[in-house]
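Here is the structure we will look at.
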Amino acid sequence: MNQPLWQPDPQQVESANITAFMRRIGKSGGPRLADYAALYQWSLDHPADFWTAVWDFCGVIGNRGQRTLENAGQMPGARWFPDARLNYAANLLRRNDTDTAIVFWGENQIKSRISFRELHDEVSRLAQALRAAGIKPGDRIAGYMPNLPGTVIAMLAATSIGAVWSSCSPDFGVQGVVDRFGQIAPRILIAADGYFYNRHTIDNLPRLRDIMAQLPTVEKLVIVPYASGTPDIKDLPRAINVHDFMAPFKPAPIRFEQLPFDHPLFIMFSSGTTGVPKCIVHGAGGTLLQHLKEHVLHTDIKRGDRLFYFTTCGWMMWNWLVSELAAGATLLLYDGSPFIAKGTVLWDYAAQEKMTVFGTSAKYIDALAKLGLAPRETHDLSALRAMLSTGSPLIPESFDYVYRNIKAKLQLASISGGTDIISCFALGCPVLPVWRGELQCRGLGMKVEVWNEDGKPVRGEKGELVCTAPFPSMPVGFWNDPDGAKYRAAYFERYPGIWHHGDYVELTAHDGLMIFGRSDAVLNPGGVRIGTAEIYRQVEQLDEVVESLAIGQDWPPQQPNDVRVVLFVRLREGLVLDAALTDRIKKQIRDNTTPRHVPAQVVQVADIPRTKSGKIVELAVRNVVHGLPVKNVEALANPEALDQFRNRTELRN
């Protein structure tokens, strides 16, 4: 395609935060930077100057000290702002006025909003209650919560003290919660009594009883009423209603602990589909600075913006979303199914609340297309200026759908990073064009390259995503990994001293990025590497196919020296895979890719297994097909779906 799908007009470029940022660099003794490419290169060549400029431009509350970067040549081992003192919560609570801080929709049955002042006061009261319970810096507080304002309040109260916050969504089963929180020994567990999904009420109190029996370090279980106004908690051990917990305390100025830049802020968990989840520790300063860069410079967030991301509290996008408060804008939270009201509920929300930035997953956009929805024809989206997508690669046809059926004058930013860095390696930029199928740019300060199998940087061909220089949001470590061995093995084993992320990508002629799936799920028939996203892109264009999953099956099974591609498809309700549809699927793939991409077998299944954050799990399916164990099915949203892949007769021929 010779023309971009969207490009900013001169007024948008002029008013963008990133334009003001470049001008400030020039006025403060730095170079005069003409465009994003020049700014990006400067951020790599002068990392200490760049991150200091981000701190100052974004108005970080805290003392940054004199030194910016220590041990710059070590990864891991580099230290950012080693003399700094700050508090993450203080930066998110910088506003204390009557404007709306948070709007909440619990499906379309519960709606609420709170002001910045009310948010400050509730955080103050809960922080006092936690201090009275003996919580101190470094203690862990866990949240088993829906995406409620109360979850934001709990996290801010914990982090104002310097406690470490960790959360997972209430759809996790008992073992999934214990596998995560059991490793980090929380002193307080904050949990909702239940939640709503697809207009059904799910009671979590029985689960909490079992969870508490396996978390002996929890001294107090704080129950947040949500599914019920007055939950019956008398049989729950060490339980107290959050209103009773906070009742003795009145709003007062919050005592924000001033802590080192690398003080632990969040413990995030890997998906856990290959074993017990890894506990990834992120520091307060690195998380804050990276998120401010991404919100203020890459997403162009200003006061008055109203930012939404469809996420649960078990996905890093929740942490990313909440940090937007530090940019002074309004959070739009949603909990529940995105497909009630015939799939329009999130667009009802966007129209009614004048949403300016809509964040979601690539799978959601694909589902909208399959439903045949055209929000631009049914909803007032005049306030919407940007749409963000992550979770899996956004295929080129989904770009077409957004511009045709959602809004033509819209910045569509496909973004990609992960829990490992609690942020992005590649994302959007308000002063760059949007090209079909591409992430707009590599993130400022992120020395991202694509390496081939010889470990050489390449452009215009597929390879491994690596980052060759330190950045502030690298984990400060893994929990219970005192010598750092697990941490180094996770990211630095393949290329010593280089961050290997595990994405299979290509750097484009526009200096954007295309992502073809996870490296560990790359297919290798006949020694040719194929990204699974290349297959999904083609097969899911067929109207009959709702979604798909591809694996490499060892073949022949007795003497596996090669693999063949096997494609599983979930079809529209009522349809059955026959020879004609199988031929159409194979032809679609062959005509638009290569013969190597064409599956040897196409198999119909009723459901595709996925993680809680919606990512399909090729490796788990591959293990099932080969008779190997899946080590942690609790990490899956629908573990029962794995049963369909066992002992399939189609896979014996």
Once rounded to the nearest 0.5 Å, what's the spacing between atom [atom1] of [X] and atom [atom2] of [Y]?
{"X": "Leu432", "Y": "Tyr36", "atom1": "CG", "atom2": "OH", "answer": "7.0 Å"}
{"X": "Gln541", "Y": "Asn592", "atom1": "CD", "atom2": "CG", "answer": "6.5 Å"}
{"X": "Ile515", "Y": "Ser414", "atom1": "CD1", "atom2": "OG", "answer": "6.5 Å"}
{"X": "Asp543", "Y": "Arg584", "atom1": "CG", "atom2": "CZ", "answer": "8.5 Å"}
{"X": "Ser167", "Y": "Phe266", "atom1": "OG", "atom2": "CZ", "answer": "8.0 Å"}
{"X": "Ile340", "Y": "Arg199", "atom1": "CD1", "atom2": "CZ", "answer": "4.5 Å"}

Neighbour count >12 (heavy atoms, 6.0 Å) for atom NZ, Lys409: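 No, because the 6.0 Å sphere around NZ of Lys409 holds 12 heavy atoms or fewer from other groups.
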Do other residues, nucleotides or ligands put more than 12 heavy atoms under 6.0 Å from the CD atom of Glu461?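 Count over threshold, so yes.
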Can you check whether [Y]'s main-chain N or O pairs, donor with acceptor, with [X]'s side chain at less than 3.5 Å?
{"X": "Ser423", "Y": "His291", "answer": "no"}
{"X": "Arg459", "Y": "Thr508", "answer": "yes"}
{"X": "Gln644", "Y": "Ala641", "answer": "yes"}
{"X": "Lys370", "Y": "Val545", "answer": "yes"}
{"X": "Thr330", "Y": "Arg306", "answer": "no"}
{"X": "Ser337", "Y": "Glu107", "answer": "no"}
{"X": "Tyr403", "Y": "Leu412", "answer": "yes"}
{"X": "Asn17", "Y": "Ile301", "answer": "yes"}
{"X": "Gln440", "Y": "Cys429", "answer": "yes"}
{"X": "Arg442", "Y": "Val448", "answer": "yes"}

What heavy-atom pair brings [X] and [Y] nearest, and what distance separates the two atoms?
{"X": "Gly531", "Y": "Val522", "value": "CA-CG2, 4.5 Å"}
{"X": "Met268", "Y": "Thr419", "value": "CB-CG2, 3.5 Å"}
{"X": "Pro8", "Y": "Pro433", "value": "CD-N, 4.3 Å"}

Using 30° and 60° as the class limits, which term best fits the ring planes of His295 and Trp320: parallel, tilted or perpendicular?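 Taking Trp320 first and then His295, their aromatic rings sit tilted (interplane angle of 30° to 60°).
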Plane angle bin for Phe358 and Trp347 - parallel if under 30°, tilted between 30 and 60°, otherwise perpendicular: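 Rings of Trp347 and Phe358: parallel, as their planes differ by under 30°.
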Is the shortest side-chain heavy-atom distance between [X] and [Y] below 4.5 Å?
{"X": "Gln588", "Y": "Val539", "value": "no"}
{"X": "Ile551", "Y": "Phe568", "value": "yes"}
{"X": "Val566", "Y": "Val625", "value": "no"}
{"X": "Leu373", "Y": "Tyr401", "value": "yes"}
{"X": "Tyr195", "Y": "Thr312", "value": "no"}
{"X": "Val576", "Y": "Leu571", "value": "no"}
{"X": "Arg518", "Y": "Glu618", "value": "no"}
{"X": "Ser548", "Y": "Val569", "value": "yes"}

Ile530 vs Asn524, side chain to side chain contact (heavy atoms under 4.5 Å, CB included): CA-CA, chis, key distance, verdict: CA-CA 6 Å; Ile530 294 171; Asn524 202 21; over 6 Å; no
When the ring centroid of Tyr334 is compared with that of Trp105, is the distance short of 6.0 Å?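 Not close enough - the centres of the two rings lie 6.0 Å or further apart.
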Salt bridge present between [X] and [Y] (N-O < 4.0 angstrom):
{"X": "Asp305", "Y": "Arg385", "result": "yes"}
{"X": "Arg436", "Y": "Glu397", "result": "yes"}
{"X": "Lys587", "Y": "Asp591", "result": "yes"}

Without hydrogens or angle criteria, can the side chains of [X] and [Y] be said to hold a donor-acceptor pair below 3.5 Å?
{"X": "Glu534", "Y": "Thr593", "value": "no"}
{"X": "Asp171", "Y": "Tyr197", "value": "no"}
{"X": "Gln12", "Y": "Gln411", "value": "no"}

Take Leu321 and Leu333 through the side chain to side chain contact (heavy atoms under 4.5 Å, CB included) test and state the conclusion after the steps. CA-CA 9 Å; Leu321 170 68; Leu333 304 182; 3.8 Å; yes
Report the C-alpha distance between Phe310 and Tyr364 in whole Å, list the side-chain angles of each, state the deciding distance to 0.1 Å, and finish with yes or no for side chain to side chain contact (heavy atoms under 4.5 Å, CB included). CA-CA 9 Å; Phe310 181 73; Tyr364 173 77; 5.9 Å; no
Residue pair Phe425, Leu513: steps toward the side chain to side chain contact (heavy atoms under 4.5 Å, CB included) verdict: CA-CA 10 Å; Phe425 279 123; Leu513 214 63; 5.9 Å; no
